Q: 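Just dropping this structure here.
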Amino acid sequence: MRLYDTMSREIRELAPGDGKEFRFYCCGPTVYGPAHIGNFRTFLLQDVFRRTLELSGLDTFHVRNLTDVDDKTIRDSQAEGKPLKEFTGFWTDRFHIDCSALNMLEPHREPGAVDHIPHQIEMIRDLVEKGHAYSSEDGSVYYKVSSFEKYGRLSRLDQRELRAGASNAVVNDEYEKDQVADFALWKGRRKEDGDNYWDSPWGEGRPGWHLECSAMCREYLGDSFDLHSGGVDLIFPHHENEIAQSEACNGATMADHWFHLTHLLVDGGKMSKSANNFYTLTGLIEKGFSAAEVRFALICASYRQPLNFVAKDGDGKESFPALNSARQALERIARYEEALREKAGVDGLPDWEQVKAFEKGEVFAGAFAALENDLNTPETLGQVFSAIKRKKPEEMDSREAKDAWQGLHITLAGLGLKLPELSSAAVQDIPAEVRELAEKRSVARTNREWEESDRLRDEIAALGWEVKDGKEGFELCPIN
RNA sequence: GGCGAGGUAGCCAAGUGGUAAGGCCGGGCUCUGCAAAAGCUCUAUCGCGGGUUCGAUUCCCGCCCUCGCCUCCA
């Protein structure tokens, strides 16, 4: 598989460093509220990435952390009068529910910062000993950016700018740092933190945000691993700081590959909690969309391209262009899959493990190949629909149909798409009253009593169902 | 100001040095008592101006515009 690498700015072939298992780390959510679908765009594409690796025959080891102690988790847990652990636990559960609804594979490890305080302290001690960190009078410890020559390489910011504080942003310098660019490894205890402090060689306090990832990477993936991933907004300072911490401490290149995902936009601007323009999975489901449709919409654009998820017209009325096309598109794939399955004489849908053993076949080979080529999900979807148009199940023999069916499922598994149940599959849910009316109408039609037939159709519609006449009888679908 | 990404049909969105995938919407056709559904089908001189080239949307230069990051951020 080939993937763009932020560090080298080129598309590079991926291979596990140990020749066997591809080991990677993804920066996970801060659990202080519901994750919004912008966050999920990142996690979802990382999920597609992992699925693609596994389907192309690699074993993976996927670590994604939970940030369960930082300014916001502390602030908001206190506002709710809850212990930090209880507060973050609640939001962690909610996160997992959404992940599962979105059909995401679980990471192999999902470590939280609070459970790794000793690992972080140990790392700080190393950094202090090696001259990369210093403590201040208030019991904080800072990383000395000027001590790490390679600082700024990932984000291409040179040190001079950092020193000058070239940013327009107001520097919130509540702690005592030598240089503006220096960042906290350990934050000395303050009264606002309440009970949330731990002992350390520098006094009571809590770890800085950037440090947790370095410490947990080292714990679960070692000094060097294959790939590190997160949203583009983490390139600076978060990942830059992680590199500085890990590499100064471990003396090895932290990650071979850096995989960054572009933001989801709302009416042309970044979706974020602070801008209060965010949408959650639950909120979209309340609007009538399904989790599968949300997944489809979020992966339908290239991960390196911003995706405008919400558009607003002149009156500020919102619409969801990517989501609106998802239902039709998914149903179309589902109908094709059903026809293929019937032709192939296969029962039921395959699960993830079964799909891994499938042959890619010819019909959908291009679709899967596009995933392996820099995770080109829109190209993949384009190939899927082109193949659907090009190869009709009725023109295949059962052998061909089965090959195509397996190939389609490999692609769908790579994208992590679950197909919707077609309406005809839910016959048992139709109320008896509606079914009786429909039967009566069918009789009326046979007798060419069109007025009676149309009257019955209206009656059925009033009950919330739509009749569709086919060659072999009728079909009933719920309206909306 | 620095760094980065981008401007492709009504909307969303790929891609290529040789006249542009796909999805949605809309139009047409087939089917049908009608309708719906479904299937088929139609819809673009690729931001502007130069340059290189036999040929550029694709490469180079300039310009305009949009967005992100510049220490809260997926």
Side-chain angles (χ1 to χ4, degrees), chain A residues 6 9 26-30 35-46 70-72 75 145 152 155-158 160-162 164-173 180-184 209-210 229-238 240-241 260-265 268-275 296-297 300-302 304-309 311 319-333 335 366 370 376-389 392 394 423-424 445 448-451 453-454 457 466-471 474-475 477:
Chain A
T6 311
R9 313 271 159 158
C26 300
C27 287
T30 300
H36 59 68
I37 55 165
N39 300 322
F40 277 115
R41 182 188 191 196
T42 292
F43 302 139
L44 239 18
L45 259 347
Q46 289 165 339
D70 78 323
D71 294 353
K72 285 174 294 194
R75 178 194 68 201
V145 166
S155 55
R156 311 235 159 147
L157 287 173
D158 82 39
R160 214 174 16 191
E161 280 173 53
L162 295 167
S167 147
N168 295 324
V170 178
V171 177
N172 190 10
D173 195 14
V180 188
D182 290 355
F183 56 92
W209 174 45
H210 309 296
S229 178
V232 280
D233 53 348
L234 297 186
I235 294 174
F236 187 87
H238 186 56
E240 201 70 77
N241 291 352
H260 288 105
L261 299 106
T262 305
H263 289 306
L264 194 63
L265 308 182
K270 176 178 167 181
M271 178 181 294
S272 71
K273 242 167 224 166
S274 53
F296 183 94
C300 76
S302 158
R304 284 206 272 154
Q305 215 66 41
L307 171 62
N308 205 13
F309 193 76
S319 64
F320 306 91
L323 250 185
N324 284 328
S325 63
R327 180 164 306 168
Q328 283 298 329
L330 281 168
E331 285 181 0
R332 211 167 135 198
I333 301 174
R335 280 191 298 273
N376 195 336
T377 50
E379 174 72 17
T380 302
L381 288 167
Q383 295 264 0
V384 166
F385 286 104
S386 298
I388 285 177
K389 221 188 253 187
K392 297 291 170 199
E394 55 266 31
S423 45
S424 58
R445 289 188 71 237
R448 306 183 72 81
E449 293 161 11
W450 309 128
E451 272 184 35
S453 161
D454 289 347
R457 177 158 61 200
E466 188 180 11
V467 210
K468 298 171 184 175
D469 300 319
K471 270 194 175 138
F474 59 86
E475 210 178 289
C477 300

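Sequence lines set the chain letters: A, B, ... in the order given, protein chains first and strands last, and positions in each chain run from 1. Note that the coordinates shown come from a computational prediction; the quantities given were computed from them, not determined experimentally.
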Q: Which nucleotide in the set B:A74, B:A37, B:C24 lies at the smallest distance from any side-chain heavy atom of A:T30?
A: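 Output: B:A74.
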Q: For the residue pair A:F183 and A:H210, does the interplanar ring angle fall in the parallel (under 30°), tilted (30 to 60°) or perpendicular (over 60°) class?
A: perpendicular
Q: Does A:K273 put a side-chain nitrogen or oxygen below 4.0 Å from OP1 or OP2 of B:A74?
A: no
Q: Given B:A37, is OP1 or OP2 found less than 4.0 Å from the side-chain N or O atoms of A:R335?
A: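 Result: no.
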Q: Which nucleotide sits closest to the side chain of A:V180: B:U71, B:G39, B:A14?
A: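 Out of B:U71, B:G39, B:A14, the nucleotide with an atom closest to A:V180's side chain is B:U71.
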Q: Looking at A:E240 and A:G152, what are the two nearest heavy atoms and their distance?
A: OE2-N, 3.0 Å
Q: State whether the number of non-hydrogen atoms from other residues, nucleotides or ligands found under 6.0 Å of A:E394 atom CD is greater than 12.
A: yes
Q: Determine the interatomic distance between C1' on B:A14 and the same-named atom on B:U8; round to the nearest Å.
A: 10 Å
Q: What's the closest nucleotide to the side chain of A:E466 if the choices are B:C40, B:A36, B:C25?
A: B:A36
Q: Can you tell me how far C1' in B:G18 sits from the matching atom in B:G55, rounded to whole Å?
A: 6 Å
Q: Identify whether any heavy atom of A:S155 sits under 4.0 Å from a base atom; if not, whether one sits that close to sugar-phosphate; answer base, sugar-phosphate or nothing.
A: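 Since only primed, P, OP1 and OP2 atoms lie under 4.0 Å of A:S155, the category is sugar-phosphate.
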Q: Name the closest nucleotide to the A:D454 side chain, picking from B:G33, B:G68, B:G6.
A: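 That would be B:G33.
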Q: When you measure from the side chain of A:D469, which nucleotide among B:G39, B:A35, B:C67 comes out closest?
A: B:A35
Q: Is there a stack between A:F385 and B:G22, judged by ring centres under 5.5 Å and planes under 30°?
A: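 The base of B:G22 is not stacked with A:F385 (the test needs centres under 5.5 Å and planes under 30°).
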Q: Pick the P atom in B:C24 and in B:C34, then give their distance to the nearest Å.
A: 26 Å
Q: Hey, is the main chain of A:A370 close enough, under 3.5 Å, to the side chain of A:N376 for a donor-acceptor pair?
A: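 Checking the backbone N and O of A:A370 against the side chain of A:N376, no donor-acceptor pair under 3.5 Å is found.
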Q: Taking 4.0 Å as the cut-off, does a side-chain nitrogen or oxygen of A:N376 come that near to OP1 or OP2 on B:G15?
A: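 So the side chain of A:N376 is within the cut-off, an N or O lying under 4.0 Å from OP1 or OP2 of B:G15.
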Q: From B:C12, B:A38, B:A35, pick the nucleotide closest to the side chain of A:Q328?
A: B:A38
Q: Tell me which nucleotide among B:C12, B:A74, B:C34 gets nearest to the side chain of A:P321.
A: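 The nucleotide sitting nearest to the side chain is B:C12.
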Q: Out of B:G23, B:C69, B:A74, which has the shortest distance to the side chain of A:F43?
A: B:A74
Q: Considering only atom C1', compute the distance from B:U30 to B:A37 and round it to an integer number of Å.
A: 13 Å
Q: For the pair made of NZ in A:K270 and C1' in B:C67, what is the distance, rounded to whole Å?
A: 11 Å
Q: Could you go step by step and tell me if A:V232 and A:L261 meet the side-chain contact (heavy atoms from CB on, under 4.5 Å) rule?
A: CA-CA 5 Å; A:V232 280; A:L261 299 106; over 6 Å; no
Q: In terms of side-chain heavy atoms of A:E379, which of B:C40, B:A14, B:C34 is nearest?
A: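 Nearest to the side chain of A:E379 among the choices is B:A14.
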Q: Determine, stepwise, if the pair A:S229 / A:H260 fulfils side-chain contact (heavy atoms from CB on, under 4.5 Å).
A: CA-CA 6 Å; A:S229 178; A:H260 288 105; over 6 Å; no
Q: Base, sugar-phosphate, or nothing: which does A:R457 touch, judged by heavy atoms less than 4.0 Å apart?
A: base
Q: Distance check, P atoms only: B:G6 and B:C42, in whole angstrom units.
A: 31 Å
Q: Hey, is the side chain of A:K389 poking within less than 4.0 Å of OP1 or OP2 on B:G39, counting only N and O atoms?
A: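 No.
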Q: What integer distance in Å separates A:D233:CG from B:A5:P?
A: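 Answer to the nearest Å: 16 Å.
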Q: How is A:S229 classified with respect to the nucleic acid when contacts are heavy atoms under 4.0 Å: base, sugar-phosphate, or nothing?
A: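 No contact.
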Q: Suppose you measure atom C1' in B:G28 against the same atom in B:U19; what distance do you get, rounded to whole Å?
A: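 Comparing C1' positions in B:G28 and B:U19 gives a spacing of 27 Å.
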Q: Just how far, in rounded Å, is C1' of B:C12 from CD of A:Q305?
A: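 Distance, rounded to whole Å: 12 Å.
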Q: Taking all non-hydrogen atoms of both residues, which atom of A:F309 and which atom of A:A297 are closest, and how far apart?
A: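 Looking at all heavy atoms of both residues, the shortest contact is CE1-CB, 3.8 Å.
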Q: Base, sugar-phosphate, or nothing for A:S325, non-hydrogen atoms under 4.0 angstrom?
A: sugar-phosphate
Q: Contact class for A:V384 vs. all strands (heavy atom < 4.0 Å): base, sugar-phosphate, or nothing?
A: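 Contact class for A:V384: none.
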Q: Just to be sure I follow the notation: if a pair is Watson-Crick (purine N1 to pyrimidine N3 plus N6-O4 or O6-N4) or a G-U wobble (N1-O2 and O6-N3), each under 3.5 Å, what dot-bracket string does RNA chain B give, with | for pairs to another strand?
A: (((((((..(((.........))).(((((.......)))))....(((((.......))))))))))))....
Q: Touch check for A:L261, heavy atoms < 4.0 angstrom, all strands: base, sugar-phosphate only, or nothing?
A: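 Nothing: the residue A:L261, judged by heavy atoms under 4.0 Å, touches no strand.
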Q: Have a look at A:L307 and say if it touches a base, only the backbone sugar-phosphate, or nothing, with a 4.0 Å heavy-atom cut-off.
A: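 Sugar-phosphate only.
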Q: Please report the distance separating the P of B:A35 from the corresponding atom of B:G47, rounded so that it comes out in whole Å.
A: 42 Å
Q: Select base, sugar-phosphate, or nothing to describe what A:Q383 touches, counting heavy atoms under 4.0 Å on all strands.
A: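 Nothing, no heavy atom under 4.0 Å.
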Q: Restricting to non-hydrogen atoms, name the atom on A:A35 and the atom on A:F40 that form the minimum distance, rounded to 0.1 Å.
A: CB-CE1, 3.6 Å
Q: If I compare all heavy atoms of A:S155 with all of A:F236, which pair ends up nearest, and what's the gap?
A: OG-CD1, 3.4 Å
Q: Looking at every strand, decide which applies to A:H238 at a 4.0 Å heavy-atom threshold: base, sugar-phosphate, or nothing.
A: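 Since no nucleic acid heavy atom lies under 4.0 Å of A:H238, the category is nothing.
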Q: Is a donor-acceptor contact shorter than 3.5 angstrom present between the side chain of A:N308 and the base of B:C12?
A: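 Not at all, since no donor on one side and acceptor on the other fall under 3.5 Å apart.
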Q: Does a side chain donor of either A:Q305 or A:T262 reach within less than 3.5 Å of an acceptor in the other side chain?
A: no
Q: Classify A:R9 by what it touches in the nucleic acid, base, sugar-phosphate, or nothing, heavy-atom distance under 4.0 Å.
A: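 Counting heavy atoms under 4.0 Å across all strands, the contact made by A:R9 is with sugar-phosphate only.
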Q: Which part of the nucleic acid does A:P378 contact within heavy-atom distance under 4.0 Å: base, sugar-phosphate only, or nothing?
A: base
Q: Scan A:G38 against the nucleic acid and name what it touches under 4.0 Å (heavy atoms): base, sugar-phosphate only, or nothing.
A: base
Q: CZ of A:F309 versus P of B:A13: gap in Å, rounded?
A: 12 Å
Q: In this structure, how many angstroms lie between the C1' atom of B:A36 and the CD atom of A:E331, rounded?
A: 14 Å
Q: Are the side chains of A:L265 and A:M271 in touch, meaning some heavy atoms are under 4.5 Å apart?
A: no
Q: Taking atom P in both B:C60 and B:A13, compute the distance separating them and give it to the nearest angstrom.
A: 24 Å
Q: Check this one for me: any side-chain N or O of A:R156 less than 4.0 Å away from OP1 or OP2 of B:G2?
A: no
